[in-house]
Protein chains: 2
Amino acid sequence: MTKLQSHGREPFETVDRAPEAQAEGFATVRQAHESEMAEDYVELIAELIETRGEARPVEIAERLGVKPPTVTKNISRLKAAGLVRREPYRAIFLTDAGRELAEACRRRHRIVVEFLLSLGIDEETAERDAEGIEHHVSTTTLEAFEQALKQFRNHE
Amino acid sequence: MTKLQSHGREPFETVDRAPEAQAEGFATVRQAHESEMAEDYVELIAELIETRGEARPVEIAERLGVKPPTVTKNISRLKAAGLVRREPYRAIFLTDAGRELAEACRRRHRIVVEFLLSLGIDEETAERDAEGIEHHVSTTTLEAFEQALKQFRNHE
DNA sequence: GACAAAAGTTAGACATGGCTAACTTATCTA
DNA sequence: TAGATAAGTTAGCCATGTCTAACTTTTGTC
């Protein structure tokens with residue numbers, strides 16, 4: 001399980017990556033930021049539909065900690081992106097695409113949270129950090145988290 | 001090492017957090033986004049000064065994958081924030097505050113990368129994901145990562 | 001059913017962090 | 001040292017995501 005020393009370099013040594021690789025990394029982060037809003041919203045909408053029966057702007061605003069006009073604007077962006085269905089003044093529904101995205105996000109979110117918990121981190125912190133981390137976890141890393149979780153479960 | 005079952009709930013169960021707690025979490029993420037630019041820049045500037053002797057906008061632009069005018073604009077923001085010293089058309093220097101921030105960021109970055117590597121993730125992915133993850137890792141989580149790293153090192 | 005309260009929208013502002021085009025300054029080299 | 005090239009800046013544009021103030025629609029209650 002520990003590849004640490006097998007990379008042929010000391011831990012904590014600064015890696016000198018090719019500038020293009022580094023640039024690509026930052027580009028990836030910027031792209032992630034662009035999809036964060038959509039991901040947070042559909043994830044929350046799915047959660048609200050499940051637990052509350054419907055997703056209402058006022059509730060979304062409260063949960064996200066933003067004001068209602070922000071939600072209105074962002075929901076219409078999601079509508080334009082084909083992720084939600086919606087009539088003015090009515091509740092918000094997910095399209096198939098929205099539901100798929102929501103499912104993927106919720107799965108990823110759960111894995112990140114569980115992984116952090118398995119490190120002994122408290123729930124509040126795990127949830128809070130996961131909110132930020134989840135958008136930057138590649139498939140590779142997510143699989144590694146799942147793998148590590150399995151290990152933890154076996155060894156307890 | 002595994003607190004997983006001791007939290008008194010099933011793994012992969014959706015947590016129903018208080019709306020305010022959830023909102024606070026999203027607020028934390030938004031705040032992190034605001035400091036990301038500064039952190040990425042000072043981190044990179046420190047790296048360039050160390051490896052290249054000086055930090056030049058053209059190099060920063062190349063490494064971050066942005067255009068030179070973007071760098072100019074952001075550097076003046078950093079200057080306004082007291083993180084860098086700088087004369088027009090000259091190289092960029094860190095202030096004491098900038099150096100401190102850079103050090104903290106680089107340390108955090110290294111820990112995140114090492115931690116991901118210790119999970120068996122390849123270097124390219126580890127670096128790339130760390131770039132995004134590092135800004136959302138609380139002190140608590142960072143400590144947990146360090147702790148886990150120590151464990152891995154002992155057990156290999 | 002009318003009216004008050006709650007929910008939602010619209011309009012317009014602002015900061016952030018990208019960009020291109022055009023200009024200025026610095027550096028290199030013949 | 002002059003001229004070309006590279007580096008850096010300025011101006012002005014755009015999208016994102018937030019806000020407040022004011023308005024409209026819906027809901028709930030008497």
Side-chain angles (χ1 to χ4, degrees), chain A residues 19 22-45 48 52-81 83-93 131-132 135, chain B residues 19 22-45 48 52-81 83-93 131-132 135:
Chain A
Q22 207 170 353
E24 219 187 301
F26 284 111
T28 303
V29 176
R30 283 193 299 272
Q31 279 169 14
H33 284 164
E34 283 174 26
S35 34
E36 272 194 46
M37 186 274 286
E39 294 183 353
D40 286 340
Y41 274 72
V42 296
E43 202 176 330
L44 181 52
I45 290 166
L48 288 173
R52 288 290 208 271
E54 61 175 13
R56 285 275 171 190
V58 66
E59 194 108 5
I60 295 173
E62 195 194 357
R63 303 285 191 116
L64 293 177
V66 299
K67 302 294 177 188
T70 303
V71 174
T72 299
K73 191 181 280 189
N74 287 332
I75 291 296
S76 54
R77 282 171 181 156
L78 296 185
K79 190 180 174 179
L83 294 168
V84 305
R85 245 173 339 104
R86 149 94 147 151
E87 301 306 318
Y89 298 99
R90 291 282 136 76
I92 298 147
F93 300 93
E131 215 79 77
H135 302 288
Chain B
Q22 207 170 354
E24 218 187 299
F26 285 111
T28 303
V29 175
R30 285 193 296 273
Q31 280 170 13
H33 285 164
E34 282 173 25
S35 35
E36 271 194 47
M37 187 274 287
E39 293 183 354
D40 287 340
Y41 274 73
V42 297
E43 201 175 333
L44 181 52
I45 290 166
L48 288 172
R52 287 292 210 271
E54 61 174 14
R56 284 276 171 190
V58 66
E59 194 107 5
I60 294 173
E62 195 193 357
R63 302 287 191 115
L64 292 178
V66 300
K67 303 293 178 186
T70 302
V71 174
T72 299
K73 191 182 282 190
N74 286 333
I75 291 296
S76 54
R77 283 171 180 159
L78 297 185
K79 191 179 174 179
L83 294 169
V84 306
R85 246 175 335 107
R86 147 93 147 155
E87 301 306 319
Y89 298 99
R90 290 282 135 76
I92 298 146
F93 300 93
E131 215 80 78
H135 303 288

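Order of the sequence lines fixes the chain letters, A, B, ..., with proteins taken first and strands second; residue numbering starts at 1 for each chain. Because the structure is predicted, anything quoted here is derived from the model rather than measured.
- Going from atom CD1 of B:I60 over to atom C1' of D:dA7 covers 13 Å, rounded to whole Å.
- Computed from coordinates, the B:D40 CG to C:dG18 C1' distance equals 14 Å when rounded to whole Å.
- Between A:R63 and A:L48 the shortest side-chain heavy-atom distance falls below 4.5 Å.
- What separates CD of B:E59 from P of D:dA6 is a distance of 16 Å, to the nearest Å.
- Spacing between atom NZ of A:K79 and atom C1' of C:dG8 amounts to 14 Å, rounded to whole angstrom units.
- The two residues A:T70 and A:Y41 make their nearest non-hydrogen contact at O-OH, 4.0 Å.
- Inter-residue side-chain proximity for B:R30 and A:V66 is flagged as met; some heavy-atom pair is nearer than 4.5 Å.
- Taking atom CG on B:L64 and atom C1' on C:dC19, their separation rounds to 15 Å, with Å as the unit.
- Under the side chain to side chain contact (heavy atoms under 4.5 Å, CB included) test applied with A:I45, the options A:D40, A:I75, A:L83 reduce to a single match, A:I75.
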Sugar-phosphate atoms are those with a prime plus P, OP1 and OP2; base atoms are the rest. Using that split, label each nucleotide of nucleotides 16-26 of chain D B, S or - for protein heavy atoms under 4.0 Å, 5' to 3'.
-> SBBBBB--BSS

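- Distance check: A:Q31 CD to A:E36 CD gives 12.5 Å after rounding to the nearest 0.5 Å.
- In this structure, B:M37 and B:L78 have side chains that are in contact, with non-hydrogen atoms separated by less than 4.5 Å.
- Taking atom CD of residue B:Q31 and atom C1' of nucleotide C:dA15, one finds them 15 Å apart after rounding to whole Å.
- For the pair A:F26 CZ and C:dG17 C1', the interatomic distance rounds to 14 Å; values are reported in whole Å.
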